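Everything below concerns the one structure shown next.
Please read these numbers as outputs of a predicted model, since none were measured by experiment.
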Amino acid sequence: VSTQSTGVSDRQHSQPAVVTVENLTTLRRYLEMAPADQKEASYKYLLHSNVVLELNPTHPIIKQLAGITDTNPEVANLVAAQLFDNALMNADLVHDPRRMVSRINQILAAVTDQKSS
């Protein structure tokens, strides 16, 4: 899922990333009312056109992510995607959190592989 835009925020301090959505309650209702066979497509379409991802530049994860973008781009991409999904989950905008399990396992494998080296 992509976003309408991405930016740096100084509004939050506890999370590495948050999503903001104009009319969040209305968006949630639309997503809840979507027919089951169209739910995934509805989520992708509505989130792409309505969600703004805001990054917290002072958060340690964001700082470390910036540091590994060049040295380990594969892991950086996994972490960035997971941060986005975490922000969506915090906003109660994740249709099926099970789709994250594979990525989380890849991140865990990368972390444990680095720790054992």
Side-chain angles (χ1 to χ4, degrees):
V1 175
S2 60
T3 66
Q4 178 185 24
S5 68
T6 304
V8 174
S9 174
D10 58 2
R11 293 189 305 150
Q12 84 279 354
H13 297 285
S14 64
Q15 297 296 321
V18 296
V19 291
T20 58
V21 180
E22 197 171 318
N23 300 319
L24 179 60
T25 304
T26 304
L27 179 62
R28 282 187 188 138
R29 283 200 188 116
Y30 279 127
L31 294 171
E32 288 171 5
M33 294 178 355
D37 62 334
Q38 296 175 4
K39 224 174 242 300
E40 189 67 30
S42 296
Y43 266 80
K44 286 180 181 179
Y45 173 75
L46 290 171
L47 293 180
H48 172 72
S49 58
N50 291 290
V51 169
V52 174
L53 177 66
E54 295 184 2
L55 301 176
N56 177 356
T58 63
H59 196 281
I61 292 174
I62 300 300
K63 288 179 179 180
Q64 291 173 354
L65 181 60
I68 66 166
T69 301
D70 292 330
T71 60
N72 200 340
E74 184 178 310
V75 171
N77 285 334
L78 290 170
V79 171
Q82 191 59 49
L83 285 172
F84 180 57
D85 277 347
N86 289 357
L88 289 174
M89 193 176 304
N90 278 337
D92 196 25
L93 291 173
V94 172
H95 164 59
D96 184 6
R98 294 173 294 182
R99 67 181 178 78
M100 288 185 254
V101 172
S102 175
R103 183 186 323 115
I104 292 169
N105 286 336
Q106 289 175 309
I107 293 168
L108 292 172
V111 169
T112 55
D113 190 38
Q114 287 178 351
K115 294 292 182 185
S116 65
S117 314

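In this structure, Val101 and Ile104 have side chains that are not in contact, with every pair of non-hydrogen atoms separated by 4.5 Å or more. In this structure, Val75 and Ile107 have side chains that are not in contact, with every pair of non-hydrogen atoms separated by 4.5 Å or more. Glu54 is listed as a side-chain neighbour of Thr20, based on a closest heavy-atom distance under 4.5 Å.
The two atoms that bring Pro57 and Ile62 nearest to each other are CA-CG2, 4.2 Å, heavy atoms only. Taking both residues in full, the closest heavy atoms of Ala87 and Val19 are given as O-CG2, 3.6 Å, listed atom of the first, atom of the second, then distance. Taking every heavy atom of both residues into account, Pro73 and Asp70 meet most closely at CD-O, 3.8 Å. Scanning both residues, Lys63 and Thr58, for their nearest heavy atoms gives CE-O, 3.6 Å.
A side-chain donor-acceptor contact under 3.5 Å links Asn56 to the backbone of Gln15.
Rounding to the nearest 0.5 Å gives a distance of 11.5 Å between CD1 of Ile61 and CG of Leu55. Interatomic distance, Phe84 CZ to Met89 CE, rounded to the nearest 0.5 Å: 12.0 Å. Taken to the nearest 0.5 Å, the CD atom of Glu74 stands 7.0 Å off from the CD atom of Gln106. Rounding to the nearest 0.5 Å gives a distance of 10.0 Å between OG1 of Thr112 and CG of Asn105. Atom CG of Leu83 and atom CG of Leu78 lie 11.0 Å apart (nearest 0.5 Å).
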Show your working on side chain to side chain contact (heavy atoms under 4.5 Å, CB included) between Val18 and Asn90 and close with a plain yes or no.
CA-CA 8 Å; Val18 296; Asn90 278 337; over 6 Å; no
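When each of Leu108, Asp85, Asn77, Val79 is tested with Arg103 by the rule side chain to side chain contact (heavy atoms under 4.5 Å, CB included), just one qualifies, namely Asp85.
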